[in-house]
**Student:** 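I'd like to ask you about the structure that follows.
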Protein chains: 2
Amino acid sequence: MPASQARPAAEPGGRSTMKDVAAAAGVGVKTVSRVVNEESGVGAATAARVREAIEALGYRRNDGARLLRQGLRTGSVGLVIEDLADPFYAPLCRAVEEVARRHGSLLFSGSSAQQPQRERDLVLAFCARRVDGLILVPTSADHSYLLPEQAAGTPIVCVDRPAAGLLTDTVLSDNARGAREGVEHLLRAGHRRIGFLGDAPEIHTAAERLRGYCAALTAAGVPTREAWVSMSAPEPARLHLALERMLTGRRPVSALLCGNNRITVAALRELAALPHRPALVGFDDFELADLLTVPVTVVAQDPARLGRTAAELLFARLSGERGPAQWIELPTRLIPRGSGELPVRHA
Amino acid sequence: MPASQARPAAEPGGRSTMKDVAAAAGVGVKTVSRVVNEESGVGAATAARVREAIEALGYRRNDGARLLRQGLRTGSVGLVIEDLADPFYAPLCRAVEEVARRHGSLLFSGSSAQQPQRERDLVLAFCARRVDGLILVPTSADHSYLLPEQAAGTPIVCVDRPAAGLLTDTVLSDNARGAREGVEHLLRAGHRRIGFLGDAPEIHTAAERLRGYCAALTAAGVPTREAWVSMSAPEPARLHLALERMLTGRRPVSALLCGNNRITVAALRELAALPHRPALVGFDDFELADLLTVPVTVVAQDPARLGRTAAELLFARLSGERGPAQWIELPTRLIPRGSGELPVRHA
DNA sequence: ATGAAAGCGCTAACAT
DNA sequence: ATGTTAGCGCTTTCAT
């Protein structure tokens, strides 16, 4: 294996500046600037000398200084999501990145890890770097700290969830309708006792999906029961308890709607051990859902489209698009694969 | 002017500066600077007036200008990976982000999408923004374009693969050994005709895993056959052909080693249709591998640890750590789940 | 305790 | 075709 060899790694040994290049080439700084920025008005011979000096010194323009002087855009946007490693947010992030790249922008990104303080720290640090705009999966309960940024002209787009106490462009899935369609699918298979495993109710998407779940049952004339609903963070221990309660009581559920990808996966793991498995519809699609022992029916969101839409909206604003804050709801898609079509077992 | 007029969404109209704040508070800029940076030497009353003005104007310090003047660190690092949405790279990225946060650094990130030009563009753009350091999953065949950056003192850490034509700190998995152990596992189950579905041979990890595959077979006195090896990008069509060739020839393989997570998933999808499935070991672990019809045995890497290790190395360099470039190989872990223990079927 | 002036690396606006 | 000067928003240095 390529073993160690001598090399001093990190030393601010020196970034040469335009002034250095100018001196080395025997020209003025403005001439170097012209060459670096490919402006016209430099003789071929001079330009060649400058380029040589640039090469020799390893010069690279300092964009920070450039942007400060120009005072326009910084060519960067900030993205704060909940968790970059979550298979739902990763494609969203990737899509934002792609749109940013097409617009010549760099991307600052960070995960809030559901901690309002972290969201705030990240957002404000990005603003201090003068990002041209922000894309945000809100976690805080209050976003009024963003008012000054908005007033200063920094466009903000919220994605997946709306901001609280702040009027911004917002892109999200039609969560209530998605949940409703998931439940209706189970109702069509004959189920009447349908449980809902949702995330913590403070989370907007979780609340919306609960709303859709209830609406579907009510519309079908099926009573809802508190014992069939669990709303909490997807910790295995809690899910285990909730499932036990729902599946073993006097009125056990025959079907489940899972509130998001993490809950679905955790639930599948719990259910795998059981002899008889309830019917199941998961919110969010996930890789290999089709290859499981019982392929999993899901209400799919399109995270990449969420990200793309949000980013395009942001750059539209940056291109001068005026008008009231937009609220865009993208449709979900029910994908039947088997688990949602399981019939009711009669004990 | 710090105009406080009603403004529409995006208008680079008004960022107030220290000067504005100073004027509003009736003090000098240096006093504002002192308050903003919590330096001592400002009277309580003055400080209060300044803070009021800051609040009223929605002032936020411009870190770009600050950093330019200070000339030290920018408090940012750049991360270029192959694809942020890939379930292997996403946790790696997340781990880097976490370490960066702990060190008070922001993260620029971008996906090279396996395109050398994109890698280069991203890296150089990050350098122009004067990131303090770079973490890179190399895609180019030649990284000599980074020599000036390195010479200027920007530490560079390569992760998952080494750079070509550049000596940098490098963190990767022991790919050859991992592949070897995967094959040995299949040999122990009695297999002698073992196929390898690898990624394109230009990719360092793919080449190393091929090497481990060959080494294991050779050590066991089992001949290798070209027809049992396929090295190419994980396109479904190509994988289909490769699998057909391996599984239906005169000497069909009885077992497969898949070269990475994407290939494993694609192969599983192909194999799902078959009546008799070969034994299979996948390189890279993936979610739900344990819940598939035949739970999948894998050679697991630890992407988060790769990222964490690389980031910690980077910040160690930034803290002045000298010494030769490091080459760190992290172990892989074989996780038997079933698919790798399937016996040889005798036709 | 406070502020005026210089300058970080660059570019806009004028010279020449 | 090329150079000079000023200034972006901030901090550093040095007065007061």
Side-chain angles (χ1 to χ4, degrees), chain A residues 12 14-51 53-54 57-75 125 127-132 152-153, chain B residues 1-2 12-51 53-54 57-75 125 127-132 152:
Chain A
R15 278 276 171 197
S16 37
T17 73
M18 267 193 180
K19 218 163 113 184
D20 300 327
V21 175
V27 300
V29 285
K30 180 67 223 195
T31 300
V32 178
S33 175
R34 286 198 178 93
V35 172
V36 168
N37 297 302
E38 296 176 305
E39 289 169 26
S40 62
V42 181
T46 321
R49 269 210 333 283
V50 170
R51 267 188 273 271
I54 287 175
L57 296 178
Y59 170 79
R60 305 263 206 244
R61 184 179 62 196
N62 182 335
D63 277 355
R66 172 190 168 82
L67 294 161
L68 175 61
R69 175 62 240 235
Q70 294 192 140
L72 304 170
R73 296 278 160 76
T74 61
C127 288
R129 293 313 218 284
R130 293 295 186 268
V131 291
D132 299 325
Chain B
M1 295 302 274
R15 273 283 170 193
S16 37
T17 73
M18 266 191 183
K19 218 164 112 185
D20 300 326
V21 175
V27 300
V29 283
K30 179 65 226 197
T31 300
V32 178
S33 174
R34 285 196 179 95
V35 172
V36 168
N37 298 302
E38 299 176 302
E39 289 170 27
S40 62
V42 182
T46 320
R49 269 209 335 281
V50 170
R51 266 188 274 271
I54 287 174
L57 297 178
Y59 169 79
R60 305 263 207 239
R61 183 179 63 197
N62 182 332
D63 277 354
R66 173 192 169 81
L67 294 162
L68 174 62
R69 176 62 240 237
Q70 293 190 142
L72 304 168
R73 296 278 161 75
T74 61
C127 288
R129 291 311 217 289
R130 293 297 185 268
V131 291
D132 298 326

**Student:** Contact boundaries of DNA chain D with chain A (under 4.0 Å, heavy atoms), 5' to 3'?
**Tutor:**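 Both ends considered, the range comes out as D:dA1 to D:dG9.
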
**Student:** Got a sec, which residues hit side chain to side chain contact (heavy atoms under 4.5 Å, CB included) with B:A125, two or more places apart in sequence or on another chain?
**Tutor:**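 In terms of side chain to side chain contact (heavy atoms under 4.5 Å, CB included), with neighbours along the sequence ignored, B:A125 is linked to A:L106.
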
**Student:** Below 4.0 angstrom, which residues in residues 27-40 of chain B have at least one non-hydrogen atom near DNA chain C?
**Tutor:**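 Close to the strand are B:V27, B:G28, B:K30, B:T31, B:R34.
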
**Student:** For A:R51, which residues count as a side chain to side chain contact (heavy atoms under 4.5 Å, CB included) partner, sequence neighbours excluded?
**Tutor:**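 So A:R51 forms a side chain to side chain contact (heavy atoms under 4.5 Å, CB included) with A:V35, A:A47.
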
**Student:** Heavy-atom nearest nucleotide on DNA chain C for A:R69 versus B:G26: which residue maps closer to 5'?
**Tutor:**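 Going by which nucleotide is closer to the 5' end, it is B:G26.
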
**Student:** Would you give me the side-chain donor-acceptor pairs under 3.5 Å for residues 17-28 of chain A, sequence neighbours excluded?
**Tutor:**
unit_1, atom_1, unit_2, atom_2, d
A:T17, OG1, A:K19, N, 3.1
A:T17, OG1, A:D20, N, 3.4
A:D20, OD2, A:T17, N, 2.8

**Student:** Residues in side chain to side chain donor-acceptor pair (under 3.5 Å) with A:S33, at least two apart?
**Tutor:**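 If we apply the side chain to side chain donor-acceptor pair (under 3.5 Å) test to A:S33, skipping adjacent residues, the hits are A:N37.
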
**Student:** Pairs in or reaching into residues 31-44 of chain B: which pass salt bridge (Lys or Arg N to Asp or Glu O under 4.0 Å), with residues at least two apart or in two chains?
**Tutor:**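 Checked against salt bridge (Lys or Arg N to Asp or Glu O under 4.0 Å) - neighbours excluded - the pairs reaching residues 31-44 of chain B are B:K30-B:E39.
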
**Student:** Applying a 4.0 Å non-hydrogen cut-off, can you work out what B:G41 is touching in the nucleic acid: base, sugar-phosphate, or nothing?
**Tutor:**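 It contacts base atoms.
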
**Student:** Could you report the tightest heavy-atom contact between B:R73 and B:L67, atom names first, then the distance?
**Tutor:**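 Scanning both residues completely, I find the closest heavy atoms to be O-CD2, 2.8 Å.
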
**Student:** Nucleotide range of DNA chain C contacted by chain A, 5' to 3', under 4.0 Å to a heavy atom?
**Tutor:**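 Using the under 4.0 Å cut-off, the span is C:dG9 to C:dA13.
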
**Student:** If the helix axis at each end comes from five base pairs, how far does the helix from C:dA1-D:dT16 to C:dT16-D:dA1 deviate from straight, to 10°?
**Tutor:**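 Computed from the C1' atoms at both ends, the axes differ by 40°.
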
**Student:** Mind checking the CG-CZ spacing from A:N62 to A:R69? Nearest 0.5 Å is all I need.
**Tutor:**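 Here the interatomic distance stands at 15.0 Å.
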
**Student:** Going by side chain to side chain donor-acceptor pair (under 3.5 Å), name the residues that satisfy it together with B:D63, two or more places apart in sequence or in a different chain.
**Tutor:**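 Testing B:D63 for side chain to side chain donor-acceptor pair (under 3.5 Å), a comparison that skips the adjacent residues, returns B:R61.
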
**Student:** Would you mind telling me which residue lines up with the more 5' stretch of DNA chain C, B:A44 or A:N62, judged by nearest nucleotide?
**Tutor:**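 Closest to the 5' end, via its nearest nucleotide, is B:A44.
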
**Student:** Mind checking what makes salt bridge (Lys or Arg N to Asp or Glu O under 4.0 Å) contact with A:R60, not counting sequence neighbours?
**Tutor:**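 Once residues adjacent in sequence are excluded, the partners of A:R60 under the salt bridge (Lys or Arg N to Asp or Glu O under 4.0 Å) criterion are B:E149.
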
